[in-house]
Amino acid sequence: MISNLSFRYGLLFSIFSLLFSCAPEPPAKGAVVSAREEASKIGVAIMKKGGNAFDAMIATDFALAVCYPNAGNIAGGGFAVYRHSNSEMGSLDYREKAPLAAYAEMYLDESGNVIPKKSTFGGLSVGVPGTVAGLEAIHQRFGSLPWKDLVQPAIDLARNGYRVTEKQQQSFESNKEEFIQMNGEHTLYAQNFKAGDLVKNNALAITLERIAEQGSAGFYQGKNAEALISRVQETGGVITFADLNAYQPVWRDPIHFKYKDLDIYTMGPPSSGGICLGQIMKMIEPFDIGQYKQNSLEAVQIMVEAERRSYADRSLYLGDPDFVQVPKDSLLDVNYLNQRMATFSFDRATLSSDINPGTIVWEESEETTHYSILDSMGNAVAVTTTLNGSYGSKVFVDSGGYFLNNEMDDFSSKPGVPNMFGLLGGKANAIAPEKRMLSAMTPTLVLKNGALSMIVGTPGGSTIITSVLQTILNVYEFEMTLQEAVNAPRFHHQWLPDLVTFEPKRFDAGFIQKMQAKGYDIKEEYSRIIGRVDGIHISEENEITTGADPRGDDKAVLFY
Ligand code: DON
């Protein structure tokens, strides 16, 4: 009897669970897409607790500082572009600043030549960090859960450990020599971590506890400030308590421009991202690029030529708006941009030397990280944050468990001499005390017919702007899903060097030959992976889909 009953209940249960498993998933109410699954999950867990997208941002960011130490950070900086559920659009600049003791020629020798590695490796390359102050400012203005609750998941992750991925193992291995050179053999990340190992970072857990207890004062003052400053000074840097005390993030108006039925809101100076993205898209708009196939010869030519012209302007006009006048309106003026494109012909590549003279060397780009967040109330944040190079200056504050940035390299050390991304700059981006170095980071929100439609961004140094551009065009002009748009092969041009870079093995030889026949310089040895785009798309029917870049360990986690 009993067994008969339990058999019947068992049968009923199986039928129910079968029905249940066949039922369609409920529609997602939000999402977090970031460079690491742990961080995305932590962001979603905060939303499940009732937190909003801004709360999730803080928790995700601190989690990335633990489990993505090449770019996630507490001693770097970043930009957030947001849309509040009340429709307010805005941006926060928590970019690093040059120390008070910085000066224009600080990376030059007596003959006026740039000293190799001075602006990229060691204490002198470190900008005054902005991340913790930035996250605190977000919390004070928009946060809904207690600050401590947002830092706690990262404290737990640091204490309990995170798993090393295959890609991370390779990254630790390839940087090991420099870690040791800068920090000695016993430094945490010089240990031979293998994929699957657990990394516990107790020192970082303690630093984060201070931040949880004291807010940004736990970072910019007291024990942490002492440890940071002594580490910077031991490794040749000049940051002082006065620098840490003076650091303030800045709320800025985002760059806004229209492209067909889209309204695009993106980061303004001290990032070049927004102005360049705006210039490039406005130069492309009259060509109705959607009439060509995605990555066809014509489409690539139009984009490359617009990129060339915009990056030339970047090198001359863009810098920290608190120090130099950036002619934003003139640069985005449609007549000016149409006139710039008047010299373009499908027959033949324009030469960068005809746009502006100069020859430079290009170097491999390193790491930054972008994440996109949407909550169920319609708050959206696009955040790009960085140490600049992978693991920044490689200076590790052992007692604090974190790396320091090498953002000073984003300044122009000398006019005409490229930085590590091959980017040129002039007076507008010269070093000065308390100035912010020019960035290419482009966290972006797209509105379609007035409604939120996309949250997007990427790392990739100089290729950030062109990767964001391609993702947007892939979706809105070439009708791809966001994931397809993110996966699609990418290319890049930045005026100088006068080269088009294509992702390796993703464009066929015939296509490359046709480009070369038009006069485009393409060198296979410069081909490399471009960007790691993480985004969220909201359809006109309110369906949420995501794009997490398969080039990294990036992961989208939906919030139901
Ligand atoms: O702000 C910038 O433009 C650079 N510091 C970003 C560096 C970067 O994206 C490196 N990542 N691949």
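Residue numbers start at 1 and run along the sequence shown. Counting starts at 1 for both ligands and their atoms, following the listed order.
- The shortest N/O to N/O separation between Gly460 and ligand 1 falls below 3.5 Å.
- Comparing heavy-atom distances from atom 5 (N) of ligand 1 across Thr458, Thr386, Asp410, Ile529 singles out Asp410 as nearest.
- Note on residues 115-138: pairs passing salt bridge (charged side-chain N to carboxylate O under 4.0 Å, His left out), not counting sequence neighbours, are Lys117-Glu178.
- Every atom of ligand 1 with a heavy atom of Ile464 under 4.0 Å away is listed here by number and element: 9 (O).
- Residues Arg490 and Asp549 are paired through a salt bridge, judged by an N-O separation under 4.0 Å between the basic side chain and the carboxylate.
- For Met437, no heavy-atom contact with ligand 1 is shorter than 4.0 Å.
- Atom CG of Asn388 sits about 4.5 Å away from atom CG of Asn406, to the nearest 0.5 Å.
- For Ala440, a nitrogen or oxygen atom sits less than 3.5 Å from a nitrogen or oxygen atom of ligand 1, counting backbone and side chain alike.
- Between the side chain of Thr60 and the backbone N or O of Ala56, at least one donor-acceptor pair lies under 3.5 Å.
- By the criterion of a heavy-atom distance under 4.0 Å, both the backbone and the side chain of Thr368 are placed next to ligand 1.
- To the nearest 0.5 angstrom, Tyr220 atom OH is 6.0 Å from Tyr247 atom OH.
- Only the side chain of Arg95 comes within contact range of ligand 1, with a heavy atom under 4.0 Å; no backbone atom does.
- Annotation: Pro459 places no N or O atom under 3.5 Å from an N or O atom of ligand 1; distance criterion only.
- Contacts classified as salt bridge (charged side-chain N to carboxylate O under 4.0 Å, His left out) and involving residues 409-424 (residues at least two apart or in different chains) are given here: Arg95-Asp410.
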